[in-house]
Amino acid sequence: MKASPGAGSWIAAGVRHELLTRALPTLRHDMAAPVSVIRMGLLMLKRQVAASELDPVACAQRVELIDSQVGELTAGIRLLRHWELATEDSGITRSGLVATCVALMRAAFDLQGVALEVDAALVPVEDEPHWPRAAALRYMLLGAMGHLHDSVDAVGTIVIAPHGDNALQLTALPDPAAGAGPDSAHVHRAPRALAIDAIALQSLADDLGYEVTRDGDVLRLAFGAA
């Protein structure tokens with residue numbers, strides 16, 4: 001895939017914004033859930049204090065619960081900050097990258113009738129190498145997933161598998177219900193106002209310095225510099 005002549009980093013910036021927008025519902029949920037638990041815990045503590053019925057054990061349990069939820073909320077805020085490409089990070093493993101991106105997009109893809117399947121070879125292993133620039137790799141994998149979602153007709157499943165030692169392979173499989181009539185799931189899939197087409201994905205890859213190739217319904221993302 002080649003970007004059109006004169007395509008600049010502003011295209012890539014637009015693609016990153018679109019990808020962040022698609023991931024935001026999950027990010028919001030992950031940060032809102034701890035807030036609800038914290039509020040509940042504080043309410044119970046206030047009621048105990050007001051009623052002068054303080055139970056040291058129960059209070060300690062609620063304080064521990066609140067503390068754990070504050071930790072989860074802090075982790076969510078830090079993850080959101082790490083979407084900035086300028087932020088230094090400790091890198092990410094290939095299996096960790098896939099797990100993160102699938103967790104971010106599984107619900108949204110399910111709503112569109114597209115399943116995400118991770119190859120068994122992508123389970124975490126001890127001493128798995130870390131690849132630098134986790135934020136950039138996250139954008140690239142989300143972009144690859146979004147590209148297949150937006151461009152392959154009647155896609156039913158996207159399978160993510162390792163390719164060699166330094167790449168991922170994404171395969172779009174057809175929906176078995178395709179062509180089964182007006183009630184088939186793919187007919188109801190909402191169109192994308194800002195689809196990630198071949199030019200958009202290639203512009204993102206060029207801007208971030210990665211190699212992405214597509215052969216039919218198979219797309220490969222290499223972690224090495226293009």
Side-chain angles (χ1 to χ4, degrees), residues 1 3 7-27 30 75-109 114 116-151 158-172 196-215 218-226:
M1 290 180 287
S9 60
W10 63 270
I11 299 178
V15 177
R16 293 198 303 271
H17 180 270
E18 170 66 13
L19 293 172
L20 180 56
T21 299
R22 296 187 187 192
L24 270 178
T26 300
L27 295 173
D30 290 345
I77 294 172
R78 286 175 177 169
L79 177 61
L80 187 60
R81 183 189 66 188
H82 288 163
W83 281 76
E84 293 294 332
L85 293 174
T87 302
E88 293 185 3
D89 58 58
S90 57
I92 193 168
T93 63
R94 182 165 62 174
S95 63
L97 172 67
V98 172
T100 296
C101 291
V102 168
L104 284 169
M105 299 308 299
R106 187 182 294 280
F109 275 51
V114 180
L116 291 173
E117 182 179 316
V118 178
D119 190 277
L122 282 171
V123 296
V125 295
E126 189 175 359
D127 297 327
E128 186 176 352
H130 280 67
W131 295 88
R133 304 175 67 214
L137 283 171
R138 185 165 53 242
Y139 276 119
M140 282 306 311
L141 180 52
L142 289 175
M145 293 163 62
H147 173 62
L148 290 179
H149 175 282
D150 295 352
S151 65
I158 295 177
V159 181
I160 306 175
H163 183 71
D165 295 328
N166 67 336
L168 286 169
Q169 177 172 293
L170 288 75
T171 305
I196 300 175
D197 59 15
I199 292 177
L201 183 62
Q202 188 62 54
S203 295
L204 180 67
D206 291 343
D207 188 63
L208 296 179
Y210 294 98
E211 182 181 357
V212 60
T213 57
R214 180 173 171 179
D215 182 10
V218 177
L219 187 149
R220 296 183 182 91
L221 167 63
F223 290 4

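Predicted, not measured: the structure shown is a model, and the values here were computed from it.
Side chain of Arg94 to backbone of Ala167: a donor-acceptor contact under 3.5 angstrom is found. Between the Arg16 side chain and the Tyr139 main chain, no donor and acceptor come within less than 3.5 Å of each other. Side-chain atoms of Arg133 come within 3.5 Å of backbone N or O of Leu208 as a donor-acceptor pair.
More than 12 heavy atoms of other residues, nucleotides or ligands lie within 6.0 Å of NE2 in His130, so this atom counts as buried by the packing criterion.
The structure places NE2 of His163 at 13.0 Å from CG of Asp119, a figure rounded to the nearest 0.5 Å. A distance of 4.5 Å separates CG in Leu116 from CE in Met145, rounded to the nearest 0.5 Å. Here Leu204 contributes atom CG and Glu18 contributes atom CD; the two are 12.0 Å apart, rounded to the nearest 0.5 Å. Considering OG of Ser203 and CG of Asp197, their distance stands at 8.5 Å, rounded to 0.5 Å. Put simply, CD on Gln169 and CG on Leu221 are 11.5 Å apart, with the number rounded to the nearest 0.5 Å. Atoms NE2 and CG, on His149 and Leu142 in that order, are 13.0 Å from each other to the nearest 0.5 Å.
For Val212 against Ala205, the heavy-atom pair with the smallest separation is CG1-CB, 3.6 Å. Of all heavy-atom pairs between Tyr210 and Phe223, the closest is CE2-O, 3.2 Å. Of all non-hydrogen atoms in Leu219 and Ala144, the two that sit nearest each other are CD2-CB, 3.6 Å.
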Residue pair Val98, Leu141: steps toward the side chain to side chain contact (heavy atoms under 4.5 Å, CB included) verdict: CA-CA 8 Å; Val98 172; Leu141 180 52; 4.1 Å; yes
Intermediate values then yes/no, side chain to side chain contact (heavy atoms under 4.5 Å, CB included), Arg138 and Leu19: CA-CA 10 Å; Arg138 185 165 53 242; Leu19 293 172; over 6 Å; no
Verdict with supporting geometry, Asp207 and Ile11, side chain to side chain contact (heavy atoms under 4.5 Å, CB included): CA-CA 9 Å; Asp207 188 63; Ile11 299 178; over 6 Å; no
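For the side chain to side chain contact (heavy atoms under 4.5 Å, CB included) criterion with Ser95, the lone passing option out of Ile92, Leu97, Thr93 is Thr93.
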